[in-house]
Amino acid sequence: AGVLAAHKITASSPDTDLPTVSGLRKMGVNFTVSNKDTVKSSDVLFLAVKPPIIPFILDEVGPDIEPRHIVVSCAAGVTISSIEKKLSTFCPTPKVIRCMTNTPVIVREGATVYATGTHADVEDGKLVEQLMASVGFCTEVEEDLIDAVTGLSGSGPAYAFTALDALADGGVKMGLPRRLAVRLGAQALLGAAKMLLESEQHPGQLKDNVCSPGGATIHALHFLESGGFRSLLINAVEASCIRTRELQHLADQEQISPAAIKKTLLDKVKLESPSLSVSSASRVSLFANKSPSSKKN
Amino acid sequence: RGRNLWRTGRVRAAMEAVELRVGFVGAGRMAGGLARGLLRAGKVPASSILASAPSDKNLDAWRESGCRTTHCNLEVLQDCTLVFLATKPHVLPGVLQEIRPAVGPHHIVVSLAAGVSLQMLQRLLPAGTKVLRLMPNLPCVVQAGAMVFARGSGAGDREATLLKNILSSCGLCEEVPESYIDIHTGLSGSGVAYVYLFAEALADGAVKMGMPGGLARRIAAQTLLGAAKMMVETGEHPAKLREDVCTPGGTTIHALHQLEKGALRATVMNAVEAATNRARDMAED
């Protein structure tokens with residue numbers, strides 16, 4: 001998005017063999033295996049490790065956190081107060097911001113919300129908002145809404161991918177080649193979403209505008225209604241939100257010995273995706289940024 | 001000069017409504033509902049209304065309202081200009097044969113018979129007769145009806161305007177192509193029953209939660225009335241009105257989720273479709 005020069009970004013990971021690591025290097029990002037180095041050379045620190053690892057990272061980098069640092073956690077289910085509690089042993093007033101984003105940040109159409117911690121100022125929030133707004137929509141919320149956001153836009157892309165897969169199947173069933181079916185399905189959803197965002201009309205009204213009396217669309221919609229389409233989506237958002245709360249609750253309980261978790265998880269981490277202290281914490285190719293059509297802001 | 005003609009036309013139309021003699025062949029529930037609506041709105045004086053029926057059973061109520069009654073269908077045609085045919089559908093062809101000799105070019109014949117097409121009506125009446133077909137619904141009785149009508153080949157703008165004028169006293173009245181009439185049956189003719197079912201279920205829900213039945217039913221009725229009134233008066237899309245009631249995480253959205261789980265929307269669409277198809281099937285019989 002051109003918001004930040006690559007050399008101003010530092011990323012760290014214990015495992016240097018992963019494709020995401022070489023991808024970052026190619027972009028010109030500074031790379032190191034030392035989390036401490038990352039902290040020292042940064043003002044805004046994105047913690048993009050898996051949620052169970054957060055406590056260990058905080059223990060590790062805590063001593064190096066200074067008043068200037070803004071610690072931004074993207075970890076699902078990890079509360080601001082738990083991070084502040086951990087850091088307060090090292091720093092009296094740590095600035096903590098919690099955010100929930102989603103994978104389409106990769107194509108700069110992310111949906112991000114953030115909540116500010118006790119010691120984060122308005123300017124700190126605005127800075128994070130500015131950064132995240134460069135990769136999509138970003139707005140501030142109360143922390144207690146973050147689980148709902150997870151259910152809706154955090155998991156949302158998965159619902160969309162599922163829908164797109166099925167739509168493509170429908171197209172293929174009716175005779176379209178697969179690639180074309182996928183392309184058209186994706187474009188239909190993209191276009192519809194764009195229309196809704198740019199319109200003042202209610203989605204119900206927009207739906208009506210497509211449904212000519214006795215026509216194809218209303219026949220199709222009847223099928224969707226019969227299948228309880230709407231309630232399935234409501235159920236999905238609800239389930240994701242509730243599960244997020246459950247996981248958070250389990251994490252809070254801390255009943256397993258930290259040493260045991262550490263060993264198990266760190267082994268697991270070596271086998272899976274890396275823990276990078278940079279915002280893109282997924283396995284998707286980073287080279288998507290280089291596509292010529294950047295439809296953003 | 002043009003303005004004067006317009007004014008004269010309006011005055012004439014108004015006078016026609018007052019002088020108009022309105023007849024009903026068949027005096028059952030639907031006819032009674034329309035007549036009651038006309039009377040309550042003061043569109044037509046009771047003395048200008050004549051209703052015919054084979055027995056006195058239905059006619060007593062008409063007489064009590066001040067309308068004139070007869071057992072002779074022909075008399076209605078001889079006495080009235082605007083004649084509503086409100087017999088049961090299977091009886092209608094016989095009635096049409098009976099009254100045909102008395103039907104003239106001044107008559108406006110409006111059939112309420114479900115499933116009897118304009119084509120059939122025109123076939124059984126003298127050529128060129130001004131025929132229209134009307135599909136009302138029950139709440140015409142309380143002047144909150146929903147009616148659609150279609151004009152036959154002999155009926156023109158004047159007849160359509162007159163009918164719409166007269167019937168607006170009973171509720172919403174719109175002219176439509178004949179093909180919409182069966183759909184109107186499924187949506188609004190039968191639709192009234194869907195609403196009663198829904199109202200009953202609402203009340204049952206309240207009873208389950210501890211409210212007495214009588215109170216629950218009164219509140220259910222008022223809820224439907226109020227919601228419908230808001231739709232009519234604000235002209236807003238129902239989806240928008242629904243949204244306005246749904247506070248985040250509140251009671252309404254929880255309840256709506258239950259309705260969606262039960263695929264209420266699809267079920268209602270099924271109902272409208274079933275009734276419409278049945279109307280179409282019956283018409284073919």
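What you are looking at is a predicted structure, and each value in this text was computed from that prediction instead of being measured. Naming: A, B, ... by sequence-line order, numbering from 1 per chain. Side-chain atoms are counted along with the backbone in the values below, which use heavy atoms only and exclude waters and symmetry mates.
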**Q** With side chains defined as the heavy atoms from C-beta onward, is the minimum distance between B/Val268 and A/Glu225 less than 4.5 Å?
**A**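 Side chain of B/Val268 against side chain of A/Glu225, heavy atoms only: no contact under 4.5 Å found.
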**Q** How many angstroms lie between atom NE2 of B/His237 and atom NE2 of A/His202, to the nearest 0.5 angstrom?
**A**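 Reported to 0.5 Å precision, the distance equals 8.0 Å.
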**Q** How about CD on A/Glu246, more than 12 heavy atoms from neighbouring residues, nucleotides or ligands closer than 6.0 Å, or not?
**A**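 Correct, the count exceeds 12.
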**Q** Under 6.0 Å from the OH atom of B/Tyr194, do we count more than 12 heavy atoms belonging to anything else shown?
**A**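 Counting neighbours around OH of B/Tyr194, more than 12 heavy atoms of other residues, nucleotides or ligands fall under 6.0 Å, so yes.
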**Q** Please report the closest heavy-atom contact between B/Ala263 and A/Ser226, naming both atoms and the distance.
**A**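 Closest pair (atom of B/Ala263, atom of A/Ser226, distance): CB-O, 4.2 Å.
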**Q** Step through the shown structure and confirm whether more than 12 heavy atoms of other residues, nucleotides or ligands are within 6.0 Å of CZ on A/Arg178.
**A**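 Enclosed: over 12 neighbouring heavy atoms sit under 6.0 Å from CZ of A/Arg178.
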**Q** May I ask you to check whether over 12 heavy atoms, not counting those of A/Tyr159, lie within 6.0 Å of atom OH?
**A**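 Atom OH in A/Tyr159 is crowded, with more than 12 foreign heavy atoms closer than 6.0 Å.
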**Q** Can you tell me how far apart CD1 (A/Ile234) and NZ (B/Lys261) are? Round to the nearest 0.5 Å.
**A**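 Nearest 0.5 Å value for the CD1-NZ distance: 8.5 Å.
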**Q** Just checking B/Met120: does its CE atom have more than 12 heavy atoms from other residues, nucleotides or ligands closer to it than 6.0 angstrom?
**A**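 Result for CE/B/Met120: open.
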**Q** Where does A/Leu145 contact chain B at under 4.5 Å (heavy atoms): side chain, backbone, both or neither?
**A**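 Neither the backbone nor the side chain of A/Leu145 comes within 4.5 Å of chain B.
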**Q** How many angstroms lie between atom CZ of B/Arg265 and atom CG of A/Leu224, to the nearest 0.5 angstrom?
**A**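 Reported value, rounded in 0.5 Å steps: 11.5 Å.
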**Q** Mind listing the closest non-hydrogen atom pair of B/Ala239 and A/Gly204 along with its distance?
**A**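 Nearest pair, atom of B/Ala239 first, then A/Gly204: CB-CA, 4.3 Å.
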**Q** Can you measure from NE2 (B/His254) to CD (A/Glu238) and round to the nearest 0.5 angstrom?
**A**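 One gets 6.5 Å once the value is rounded to the nearest 0.5 Å.
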**Q** Could you look at B/Gln258 and say if it's the side chain, the backbone, both or neither that has a heavy atom under 4.5 Å from chain A?
**A**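 No part of B/Gln258 comes within 4.5 Å of chain A.
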**Q** Please rank A/Leu221, A/Asp208, A/Leu232 by heavy-atom pairs under 4.5 Å with chain B and give me the top one.
**A**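 Most heavy-atom pairs within the cutoff with chain B belong to A/Asp208.
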**Q** Roughly how far apart are B/Glu260 CD and A/Arg230 CZ, rounded to 0.5 Å?
**A**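 The distance works out to 5.5 Å.
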